[in-house]
Amino acid sequence: MRSIDDIEVTGRRVLLRSDLNVPLDKSGSGVITDDLRIRASLPVIRKLSDRGARVVIMAHLGRPKGDDFAARAAGGPSLRVVAERLGELLGKPVAFASDLVGPSAQATVEGLAEGEVALLENVRFEPAETSKDDSERARLAAQLAGFGDVYVGDGFGAVHRKHASVYDLPLLLPHAAGDLVVAEVAVLKRLTESPARPYAVVLGGSKVSDKLGVIGNLLGLADRLLIGGGMAYTFLAALGYEVGSSLLEADHIESVKDVLADAQRHGVEIVLPTDIVAATGFAADAPSIVVPADAIPADRIGLDIGPDSAALFAAKLVDARTVFWNGPMGVFEFPAFAAGTRAVAEELTKVDGLTVVGGGDSAAAVRSFGLAEGAFGHISTGGGASLEYLEGKTLPGLVALSS
Ligand code: ADP
Ligand code: MG
């Protein structure tokens with residue numbers, strides 16, 4: 001994979017794919033609630049601009065719906081607010097094109113002087129961006145290629161997608177990987193190629209079905225697997241325990257039983273919660289009690305791991321030399337059920353070794369607790385991408401950049 005230091009950019013039009021997919025305030029006001037991904041994208045934008053490139057950024061935002069560009073553009077979300085924030089952080093204006101391959105984009109790109117930066121409208125407003133039809137994506141990629149002399153791929157959070165701006169476009173132009181992609185891949189290599197041991201992986205979040213693939217691969221890599229969050233209840237059910245109305249994927253109980261058997265064969269220790277914060281319902285103010293993990297009352301829902309579990313998980317992390325963490329231990333968005341996630345996050349800051357946090361909600365949890373980002377070895381901007389990498393899958397965006 002070439003880096004941007006290996007390519008000539010001065011005076012040239014650089015098509016830069018970034019990941020600017022930030023969370024927006026649910027009220028629809030367009031307020032950006034967390035700008036981690038914009039900040040993580042700045043170094044490469046600054047470098048390219050300082051070297052005199054004409055920087056044309058492409059990015060996606062949310063999951064627009066509609067049959068064509070017009071319908072999607074009407075429904076949003078537009079990247080215009082992101083262009084404004086990017087300009088503030090960059091300390092200079094960012095030109096914004098209100099379309100992707102239309103007249104506004106054309107004029108914006110033509111108007112760029114050396115060192116100037118532009119952002120094109122949400123790539124996913126063009127249905128071809130995410131099309132399963134290779135020829136549809138290729139057509140969009142060819143139109144985009146007309147705007148640039150070189151391509152730089154820096155949108156780590158999207159490298160696992162076979163999308164036009166991620167996969168097809170770099171194949172049409174001289175290309176290089178941006179600094180963020182280079183840094184993220186370097187960390188993932190450390191997690192998969194001779195990691196320092198003991199190596200502990202903490203998994204939580206909502207769905208076990210999303211994470212069975214990665215668990216399978218981790219059994220050949222990690223020494224300990226700590227399971228919390230909503231996915232823990234399918235594990236507890238696999239042990240034959242009552243889980244009440246907790247999150248349960250009943251059709252995955254058999255796969256989880258296989259995981260438990262495989263772990264034993266691989267000599268991987270699986271650590272499950274020993275106690276649970278069981279609430280009367282899924283609500284921020286629901287009354288709750290702490291119960292043993294094998295005695296969850298049938299009318300209760302588990303919303304967090306309990307204090308004994310938090311202490312147990314901490315004890316399994318204290319001597320680790322490599323830790324990867326994905327997925328909160330409970331519904332941390334409700335303060336009453338955030339203690340387990342907070343305990344794991346705080347323990348990670350004390351680990352003497354490489355600590356990596358992957359996943360949008362886990363990273364948001366870290367920030368909501370006021371923990372310094374620098375206290376972690378690495379906070380990934382791409383949850384899905386890092387999980388697929390750890391699962392051993394080939395990521396289309398990285399394949400294209402390596403070609
Ligand atoms: P990440 O974004 O870090 O990869 P996920 O998206 O997999 O994490 O899961 C995050 C979500 O899991 C959070 O919104 C959290 O509320 C939810 N969650 C965690 N524990 C539970 C639980 N016990 N019951 C229901 N939802 C849970
Ligand atoms: Mg998530």
Side-chain angles (χ1 to χ4, degrees), residues 19 21-24 26 33-34 36-37 62-63 156-158 160 184 201-215 218 226-237 241 243-250 252 272-273 275-284 286 288-291 293 296 300-306 309-310 313 323-345 348 355-369 371 373 376 378-391:
D19 176 13
N21 188 28
V22 289
L24 299 176
K26 303 257 185 294
T33 52
D34 179 18
L36 170 78
R37 282 175 162 163
R63 293 179 184 270
F156 178 73
H160 58 314
E184 294 265 15
V201 173
V202 190
L203 290 178
S206 42
K207 292 171 94 185
V208 73
S209 49
D210 285 349
K211 294 176 186 173
L212 280 171
V214 75
I215 291 174
L218 287 171
L226 284 54
I227 310 269
M231 62 186 280
Y233 302 95
T234 305
F235 278 79
L236 295 175
Y241 301 165
V243 296
S245 50
S246 309
L247 210 61
L248 169 69
E249 288 177 89
H252 288 287
L272 295 174
D275 60 348
I276 295 295
V277 181
T280 53
F282 188 90
S288 65
I289 48 172
V290 175
V291 297
I296 301 175
R300 295 256 170 175
I301 175 171
L303 294 185
D304 195 9
I305 60 171
S309 310
F313 283 21
V323 181
F324 174 73
W325 172 35
N326 171 278
M329 297 294 98
V331 185
F332 75 96
E333 296 92 334
F334 300 156
F337 306 104
T341 305
R342 179 190 284 273
V344 163
L348 246 67
T355 53
V356 180
V357 182
D361 293 297
S362 311
V366 161
R367 280 187 294 281
S368 77
F369 300 143
L371 298 170
E373 283 169 24
F376 298 86
H378 181 73
I379 300 182
S380 177
T381 56
S386 44
L387 281 179
E388 288 201 13
Y389 188 101
L390 292 177
E391 198 173 329

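First listed ligand is number 1; within each ligand, the first listed atom is number 1.
When the heavy-atom distances from atom 3 (O) of ligand 1 to G205, A338, S362, G204 are ranked, the shortest goes to S362. The closest heavy-atom contact to atom 23 (N) of ligand 1, among the options G330, G302, G228, G384, comes from G302.
Judged by the shortest distance from any of its heavy atoms, G383 lies outside the 4.0 Å radius around the atoms of ligand 1. For the pair F334 and ligand 1, no heavy-atom separation below 4.0 Å is found. Using a 4.0 angstrom heavy-atom cutoff, M231 does not count as in contact with ligand 1.
Protein N/O/S atoms found under 2.8 Å from the Mg ion (ligand 2), listed by chain and residue number: D361 OD2.
Neither the backbone nor the side chain of K207 comes within contact range of ligand 1; no heavy atom lies under 4.0 Å. At a heavy-atom distance under 4.0 Å, no atom of D304 approaches ligand 1.
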Let me check something: any side-chain donor-acceptor pairs from residues 227-236 under 3.5 Å, sequence neighbours excluded? List them with distances.
| unit_1 | atom_1 | unit_2 | atom_2 | d |
| --- | --- | --- | --- | --- |
| Y233 | OH | G302 | O | 3.4 |
| T234 | OG1 | E249 | N | 3.1 |

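With N326 contributing its side chain and L203 its backbone, the two residues share no donor-acceptor pair below 3.5 Å.
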Handout entry: Steps toward side-chain hydrogen bond (donor to acceptor under 3.5 Å, both in side chains) verdict (S386, E184)
Key = CA-CA 8 Å; S386 44; E184 294 265 15; 6.0 Å; no
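Atoms CG and CD1, on L248 and I301 in that order, are 11.0 Å from each other to the nearest 0.5 Å.
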